[in-house]
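For reference, the structure is listed below as structure tokens.
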Number of protein chains: 2
Amino acid sequence: MKRITIYDVAKEADVSLATVSRVINDSNVVREDTRMRVQQAIEKLGYKPNAIAQGLALSKTTTISIVMSEKLFAYNAKILNGLMDVAKIYNYNIMFHTTSKGISKMQDVIESIIKSRVDGVILFNDNFSEDEMEVLHEYQIPMVVVGSKLKGQKIGNVGNVYINFERMAYEFVNECFEKGIDDISMVEDKLNLSMMEQLKAGVDRAYAEKGLVFNKYVTYDDSYKSSYTFLSDYYKRNKPSRMVITFRDSQAIALMNACKESGYSIPDDTQLVCILNSKYLTMMRPMISTYNIPEYDLGAVAMRLLTKMLVDDESVKQNKDIEISFSKMFRETTK
Amino acid sequence: MKRITIYDVAKEADVSLATVSRVINDSNVVREDTRMRVQQAIEKLGYKPNAIAQGLALSKTTTISIVMSEKLFAYNAKILNGLMDVAKIYNYNIMFHTTSKGISKMQDVIESIIKSRVDGVILFNDNFSEDEMEVLHEYQIPMVVVGSKLKGQKIGNVGNVYINFERMAYEFVNECFEKGIDDISMVEDKLNLSMMEQLKAGVDRAYAEKGLVFNKYVTYDDSYKSSYTFLSDYYKRNKPSRMVITFRDSQAIALMNACKESGYSIPDDTQLVCILNSKYLTMMRPMISTYNIPEYDLGAVAMRLLTKMLVDDESVKQNKDIEISFSKMFRETTK
DNA sequence: TTGTACGCGTTATCAA
DNA sequence: TTGATAACGCGTACAA
């Protein structure tokens with residue numbers, strides 16, 4: 001089957017290619033009977049417009065790049081659903097890029113983004129530096145960062161849809177204080193350092209306001225293959241804090257198992273809150289307390305913001321920062 | 001910053017655009033000093049070749065589409081890692097499409113694939129019909145189906161990288177028979193009907209060879225919000241089989257919880273095997289037995305096959321079907 | 001309402 | 001070793 005072009009359709013319908021183009025793009029200056037003729041020719045030949053040629057002619061690809069850390073695929077699934085659904089609504093294609101330590105450095109990803117001439121970029125706030133954003137900005141590519149709040153001075157052309165993790169942690173710690181709990185520890189998640197940083201800032205602030213110092217930020221090095229091996233080791237030697245905050249479900253579950261195996265009871269000896277929700281938290285016994293973050297909305301709002309920036313940058317000039325609210329979903333590991 | 005084109009570079013380096021093109025594409029007929037001059041001009045201007053224009057000129061986009069069901073994103077993370085890594089090695093961009101019931105029907109996805117003029121397509125074997133593959137074939141788009149074995153007569157230009165679930169189930173059931181277990185049930189997973197079908201076929205075959213009939217294929221309708229609600233309901237009224245097969249981790253965990261809460265013990269009253277491995281299986285107590293499917297390899301092999309089909313269809317004409325082996329990882333829910 | 005001709009940014013062919 | 005020029009497939013002023 002030969003590649004059908006707009007010329008073939010034009011010949012078949014006995015019109016010029018301009019008319020075919022008008023039909024494709026719903027221009028309303030086409031007479032009804034010629035439109036019909038063209039439509040029939042399109043059907044008959046199975047013609048599909050060449051998006052590449054359209055992109056070249058219009059300097060617009062109707063394509064948006066999404067950049068995500070390879071390791072966070074599974075965890076960002078719902079955000080991605082939100083992104084994809086909205087992109088679909090606005091008829092944008094999605095170019096998908098992943099970053100990892102070995103093969104695909106952020107620099108290479110940026111290179112291919114620029115070459116692809118995508119209309120915009122969605123960045124997950126866990127895997128890029130300010131320099132890299134600066135490069136995209138030099139090439140005038142609008143972007144939206146999703147996840148946590150950007151720090152540093154704002155670069156133009158950048159939107160930000162985020163959860164206020166600093167406030168989340170601050171409020172949570174204060175609630176703990178009110179219940180008389182001030183022995184709190186927080187387990188680091190190496191996959192999401194920017195969010196950890198903000199959480200820690202919130203905890204620090206709450207402690208500082210009480211004239212205390214937070215010093216139970218639990219980190220472990222890569223010699224431990226997983227947080228589980230570390231934690232089960234740790235809780236054999238250390239008594240758990242009365243309240244532990246983890247970021248990710250696997251850490252919460254690891255901690256739960258480690259505590260149980262070391263003879264500690266949850267929530268009686270130690271309470272547990274996992275920042276990121278997941279269905280696995282409710283599958284555990286006791287069911288693990290968490291925060292409810294509207295992940296789908298995070299993605300949907302981010303993509304909607306980007307599409308707005310694309311069609312009319314003025315209308316969103318003032319409010320490119322959108323904070324998404326969260327709520328508590330405390331279950332059986334807290335009391 | 002004005003869009004820099006090959007003309008700007010040519011002017012800056014005082015050569016013709018043809019020479020710039022040669023430098024970009026590593027043609028070795030360029031004299032060294034002019035190459036240097038051009039390189040410097042490229043650096044100075046920050047020129048990046050326009051992939052769209054290249055695509056138009058070459059009728060080749062170096063882009064591959066990946067089509068995946070929206071709901072399976074989290075579960076296919078490792079396969080996707082394999083796909084992405086290999087794509088990166090061969091310098092292919094990835095166009096990412098998701099299918100779901102509401103917004104993005106497979107038909108629309110195919111439409112945009114054809115319009116995008118991607119060089120090839122990776123399909124996950126869970127969300128398309130033979131008709132849809134036929135359409136892609138009409139437009140001569142090479143594709144590789146990853147996951148389970150394709151049934152039906154083979155369409156040209158289609159590769160298949162798969163796990164032989166039929167054999168997996170067949171062998172497993174025979175091992176059960178050898179241990180004297182013939183009371184087996186299998187829980188349906190609605191997200192992956194094609195794989196379920198093959199598993200069931202394997203079970204059926206093993207039963208048939210014993211002159212028995214398999215009749216414990218557990219299905220539940222959508223009125224149950226999750227397999228957990230169904231199973232915990234079910235096991236209050238029914239005694240569990242001595243061996244239960246589930247497909248997905250959440251089903252296995254749900255079953256485990258349901259059994260425990262109904263007073264049954266695993267693995268003493270009922271044993272449990274989950275076909276798809278995940279880290280959550282080892283976080284449960286007892287740790288759940290599973291099969292070890294090299295998911296990353298599934299993706300990597302599939303993408304490698306597709307790239308080979310793209311550069312030289314002849315060399316892979318004979319063997320476009322690649323079976324990936326699996327192994328048992330039986331843990332504490334079997335004995 | 002329709003058609004002509006040029007531009008979009010690159011590669012490839014052919015000539016110099 | 002380089003340069004001029006015709007594709008690649010489409011959108012769009014401008015003319016008819």
Side-chain angles (χ1 to χ4, degrees), chain A residues 1-39 41-42 45-63 93 112 114-119 139, chain B residues 1-39 41-42 45-63 91 93 112 114-119 139-140:
Chain A
M1 179 169 138
K2 173 182 170 303
R3 294 260 152 165
I4 306 296
T5 75
I6 199 168
Y7 291 97
D8 302 314
V9 177
K11 191 181 294 175
E12 175 75 26
D14 198 32
V15 294
S16 79
L17 78 171
T19 302
V20 179
S21 176
R22 291 189 187 100
V23 172
I24 294 169
N25 299 299
D26 278 334
S27 165
N28 47 7
V29 296
V30 183
R31 213 196 309 145
E32 191 52 30
D33 59 327
T34 62
R35 169 192 300 284
M36 293 277 286
R37 264 213 328 286
V38 173
Q39 278 295 6
I42 288 174
L45 300 176
Y47 167 73
K48 307 278 179 192
N50 183 331
I52 300 300
Q54 288 179 321
L56 191 60
L58 293 172
S59 301
K60 183 176 184 314
T61 53
T62 28
T63 299
N93 289 317
S112 80
I114 295 170
K115 288 183 182 169
S116 302
R117 300 295 194 269
V118 297
D119 298 333
Y139 284 88
Chain B
M1 180 170 137
K2 173 182 172 297
R3 293 262 151 162
I4 306 295
T5 76
I6 200 167
Y7 288 97
D8 302 314
V9 178
K11 192 181 295 173
E12 175 75 24
D14 198 31
V15 293
S16 80
L17 79 171
T19 302
V20 179
S21 177
R22 290 189 187 99
V23 172
I24 294 170
N25 299 299
D26 279 333
S27 164
N28 47 7
V29 296
V30 183
R31 212 195 313 144
E32 190 53 29
D33 60 325
T34 60
R35 169 192 299 285
M36 294 276 287
R37 262 211 332 285
V38 172
Q39 278 295 4
I42 288 174
L45 300 176
Y47 167 73
K48 307 277 180 193
N50 183 330
I52 300 301
Q54 289 178 321
L56 188 59
L58 293 173
S59 301
K60 182 178 185 314
T61 52
T62 29
T63 299
N91 272 310
N93 290 315
S112 80
I114 294 170
K115 288 183 183 169
S116 302
R117 301 296 195 265
V118 297
D119 298 333
Y139 285 88
Q140 313 186 62

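As the structure is a computational prediction, the values presented were derived from the model and not from experiment. In what follows, every chain begins at residue 1, and chains take the letters A, B, ... in the order their sequences are listed. The basis for the numbers below is simple: all heavy atoms, side chains too, and nothing from hydrogens, waters or symmetry mates.
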Nearest 0.5 angstrom please: [X] [atom1] to [Y] [atom2], how far?
X	Y	atom1	atom2	result
S16(B)	R22(B)	OG	CZ	6.5 Å
K115(A)	N93(B)	NZ	CG	9.5 Å
K48(A)	I4(A)	NZ	CD1	12.0 Å
Y47(A)	R3(A)	OH	CZ	12.5 Å
R117(A)	Y139(A)	CZ	OH	8.5 Å
I52(B)	S59(A)	CD1	OG	10.0 Å

Rounding to a whole Å, what distance do you find between [X]:[atom1] and [N]:[atom2]?
X	N	atom1	atom2	answer
D8(B)	dC8(C)	CG	P	11 Å
R37(A)	dG3(C)	CZ	C1'	13 Å
K11(A)	dG3(C)	NZ	C1'	16 Å

Exercise for the section: Determine, for nucleotides 9-16 of chain D in 5'-to-3' order, which nucleotides have protein heavy atoms under 4.0 Å from the base (write B), from only the sugar-phosphate (write S), or from neither (write -). Expected result: BBSBB---

Handout entry: Under 4.0 angstrom between T19(B) side-chain N/O and dG3(D) OP1 or OP2
Key =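 So the side-chain polar atoms of T19(B) do come within 4.0 Å of the phosphate oxygens OP1 or OP2 of dG3(D), strictly under.
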
Practice task
Considering only NZ, NE, NH1 and NH2 on the basic side and carboxylate oxygens on the acidic side, decide whether D14(A) and R37(A) come within less than 4.0 Å.
Solution key: no

Fill in the blank from the handout: side-chain contact (heavy atoms from CB on, under 4.5 Å) test vs I6(A) passes for just one of V23(A), I24(A), T19(A), namely I24(A)

Exercise for the section: Take the C1' atoms of the five end pairs on each side of the helix from dT1(C)-dA16(D) to dA16(C)-dT1(D), derive the two axes, and give their angle rounded to 10 degrees. Expected result: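 Rounded value for the end-axis angle: 40°.
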
